[in-house]
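Numbers here are sequence positions counted from 1.
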Amino acid sequence: MSLKNKVLFITGASRGIGEAIALRAARDGAKIAVVAKTTEPHPTLPGTIHTAVEKIIKAGGQAIGIQCDIRFEDQVAAAIKKTVDTFGGIDIVVNNASAINLKNTEETDVSRYDLMHSINARGTWLVSKLAIPYLKKAENPHILNLAPPLSMETKWFAPHTGYTMAKYGMSMCVLGMAGELKKYGIAVNALWPYTMISTAALVIAAKDAPVIRARTPEIMSDAAHLIFTGNSKDITGNFYLDELYLREKGVTDFEKYNTVPGTKLEDLSLDFFLDSNQVSKLLQMRKLANKL
């Protein structure tokens, strides 16, 4: 199936995973609203809404860049209105924008805590809320949050309580809205990477960490594409892991996603918040694939 002429509203789409999802959809001929704050080059993070738009058009899609801080209702409302006025509606919302701070409670500034919760949990809820009236009119509507499976284990909270609470806020939006919007045929799902994904934000956040063997954002964009082309009435309320979902759909070549060619599966750096049941299923699928 194709995303040709589908309208995607993607937050944080000026770089990283958000941009990769946009470019994958663009190859189908999709129409994309690049929603982000960055209009001028950042001193450490590459990409602006303008550079993303250029890449999308070059890839075969249509695009508009919208400067928007999703912490503010008026800016989100204006961004959605501009998207609808330009492209005629909204078929898919991708809540990708997120703030990260991997510090413990004592070391986390209150302003940083507020920023994470304003963008991650509240921003995701706000964007989804204002997009719902247009998604109700779409033929195959999807909301996809880049959020982890929920797990009430101390190990996911103790190192960075503030960040975990904010990120899990995005996950709880999936849990609640999937049930709330099912009657309208709007799919609400989460997608999370099994391994670390090589983005500029990760490099900065983990600058003092050991060497990270990661994958490219394209593994997330390929998984997202498969979700978007699925029937919204049949798939909702799921917390997908990128590799697990791709394997379930028949993908076998994962070497192409390695940032370091030849990296063995067992040597890849795992991401945070991995649900043990999903990981066990993935490892079983890997073992089966190795026997074929």
Side-chain angles (χ1 to χ4, degrees), residues 3 6-26 30 32-38 42 45-49 51-53 55-56 61 63-71 75-76 79-80 83 90-100 115-131 135 142-148 163 166-174 177 187-193 196-202 205 215-228 239-242 245 271-273:
L3 296 180
K6 295 292 185 181
V7 180
L8 284 75
F9 185 96
I10 308 177
T11 66
S14 60
R15 61 178 67 95
I17 294 172
E19 183 185 67
I21 291 174
L23 291 174
R24 178 63 188 87
I32 299 149
V34 177
V35 183
K37 292 190 299 181
T38 310
H42 189 277
L45 295 171
T48 68
I49 59 175
T51 58
V53 166
K55 292 179 183 178
I56 290 166
I64 54 171
I66 306 175
Q67 184 180 24
C68 176
D69 187 331
I70 64 169
R71 294 177 294 173
Q75 292 190 32
V76 175
I80 288 178
T83 302
I90 296 175
D91 297 285
I92 297 167
V93 170
V94 181
N95 288 304
N96 167 68
S98 185
I100 183 172
L115 178 68
M116 289 191 291
H117 283 260
S118 295
I119 294 175
N120 300 7
R122 185 179 181 276
T124 293
W125 179 87
L126 176 59
V127 169
S128 301
K129 169 185 169 62
L130 297 185
L135 292 171
H142 287 265
I143 296 175
L144 183 68
N145 295 352
L146 278 293
Y163 173 63
K167 203 64 188 176
Y168 275 8
M170 297 176 71
S171 304
M172 288 189 284
C173 283
V174 172
M177 290 182 187
V188 186
N189 294 292
L191 179 63
W192 193 246
M196 292 291 186
I197 301 297
S198 181
T199 64
L202 173 67
R215 282 171 166 161
T216 65
E218 282 67 34
I219 189 170
M220 290 288 282
S221 62
D222 285 351
H225 185 271
L226 285 172
I227 294 170
F228 299 150
F239 289 85
Y240 294 116
L241 290 184
D242 55 359
Y245 191 61
D271 209 332
F272 308 118
F273 310 124

Legend entry - Nearest atoms (heavy-atom pairs only) where A131 meets V93: CB-CG2, 3.6 Å
Inset, instruction - Find the distance between CE (M196) and CZ (R215) and round it off to the nearest 0.5 Å. - result: 13.0 Å
Inset, instruction - For S118, check side chain to side chain contact (heavy atoms under 4.5 Å, CB included) against everything at least two apart and list the hits. - result: R71
Inset, instruction - Working to the nearest 0.5 Å, report the span between CD1 of I80 and CG of L126. - result: 7.5 Å
Inset, instruction - Kindly give the heavy-atom pair with the smallest separation between I219 and D242, and that separation in Å. - result: CG2-OD2, 3.4 Å
Legend entry - Nearest atoms (heavy-atom pairs only) where A20 meets S221: O-CB, 3.3 Å
Legend entry - Pairwise distance CD(E218) to CD1(I21) - rounded to 0.5 angstrom: 10.5 Å
Inset, instruction - Please check if the side chain of S171 supplies one atom and the backbone of A147 the other of a donor-acceptor pair under 3.5 Å. - result: no
Legend entry - Student check: side-chain heavy atoms of V94 and T11 closer than 4.5 Å: no
Inset, instruction - Determine, step by step, whether I56 and L23 satisfy the side chain to side chain contact (heavy atoms under 4.5 Å, CB included) criterion, reporting the C-alpha distance in whole Å, the side-chain angles of both residues, the deciding distance to 0.1 Å, and the verdict. - result: CA-CA 5 Å; I56 290 166; L23 291 174; 4.0 Å; yes
Legend entry - Closest approach of A79 to C68 (non-hydrogen atoms, all atoms of both residues): CB-SG, 4.1 Å
Legend entry - With sequence neighbours excluded, residues passing salt bridge (charged side-chain N to carboxylate O under 4.0 Å, His left out) with K55: E19
Legend entry - Pairing residues for R24 by the side chain to side chain donor-acceptor pair (under 3.5 Å) criterion, not counting sequence neighbours: D28
Inset, instruction - Measure from the side-chain N and O atoms of N145 to the backbone N and O of M170, and report whether any donor-acceptor pair falls under 3.5 Å. - result: yes
Inset, instruction - Mark yes or no for whether R15, through its side chain, and P46, through its backbone, hold a donor-acceptor pair below 3.5 Å. - result: yes
Inset, instruction - Could you grab the distance from atom CG of L135 to atom CG of L130, nearest 0.5 Å is fine? - result: 11.0 Å
Inset, instruction - Answer yes or no: is there a side-chain heavy-atom contact under 4.5 Å between V127 and V35? - result: no
Legend entry - Exercise: identify the closest heavy-atom pair between V188 and C173: CG1-O, 4.4 Å
Legend entry - Closest non-hydrogen atom pair between T83 and I90, with its separation: CG2-CG1, 4.0 Å
Inset, instruction - Taking the side chain as every heavy atom from C-beta outward, state whether F239 and P148 have any pair of such atoms under 4.5 Å apart. - result: no
Inset, instruction - Could you check if a side-chain atom of N95 sits within less than 4.5 angstrom of a side-chain atom of S128, using non-hydrogen atoms only? - result: yes
Legend entry - Side-chain (K167) to main-chain (L146) donor-acceptor, under 3.5 angstrom: yes
Inset, instruction - Could you tell me whether the side chains of N120 and S98 share a donor-acceptor contact shorter than 3.5 Å? - result: yes
Inset, instruction - Measure the spacing between CG of L144 and CG of N96 and express it to the nearest 0.5 Å. - result: 9.0 Å
Inset, instruction - Starting at CG of L8, measure out to CD1 of I92 and round the result to the nearest 0.5 Å. - result: 4.0 Å
Legend entry - Heavy-atom side-chain contact between T199 and I17 under 4.5 Å: yes
Legend entry - Non-hydrogen side-chain atoms of V34 and I10 separated by less than 4.5 Å: no
Legend entry - Close side-chain approach of F228 and K6, heavy atoms under 4.5 Å: no
Inset, instruction - Using a 4.5 Å cut-off on heavy atoms from C-beta on, say whether the side chain of T38 contacts that of I49. - result: no
Inset, instruction - Assign the ring pair Y163 / F272 to parallel, tilted or perpendicular, where the plane angle (0 to 90°) is split at 30° and 60°. - result: perpendicular
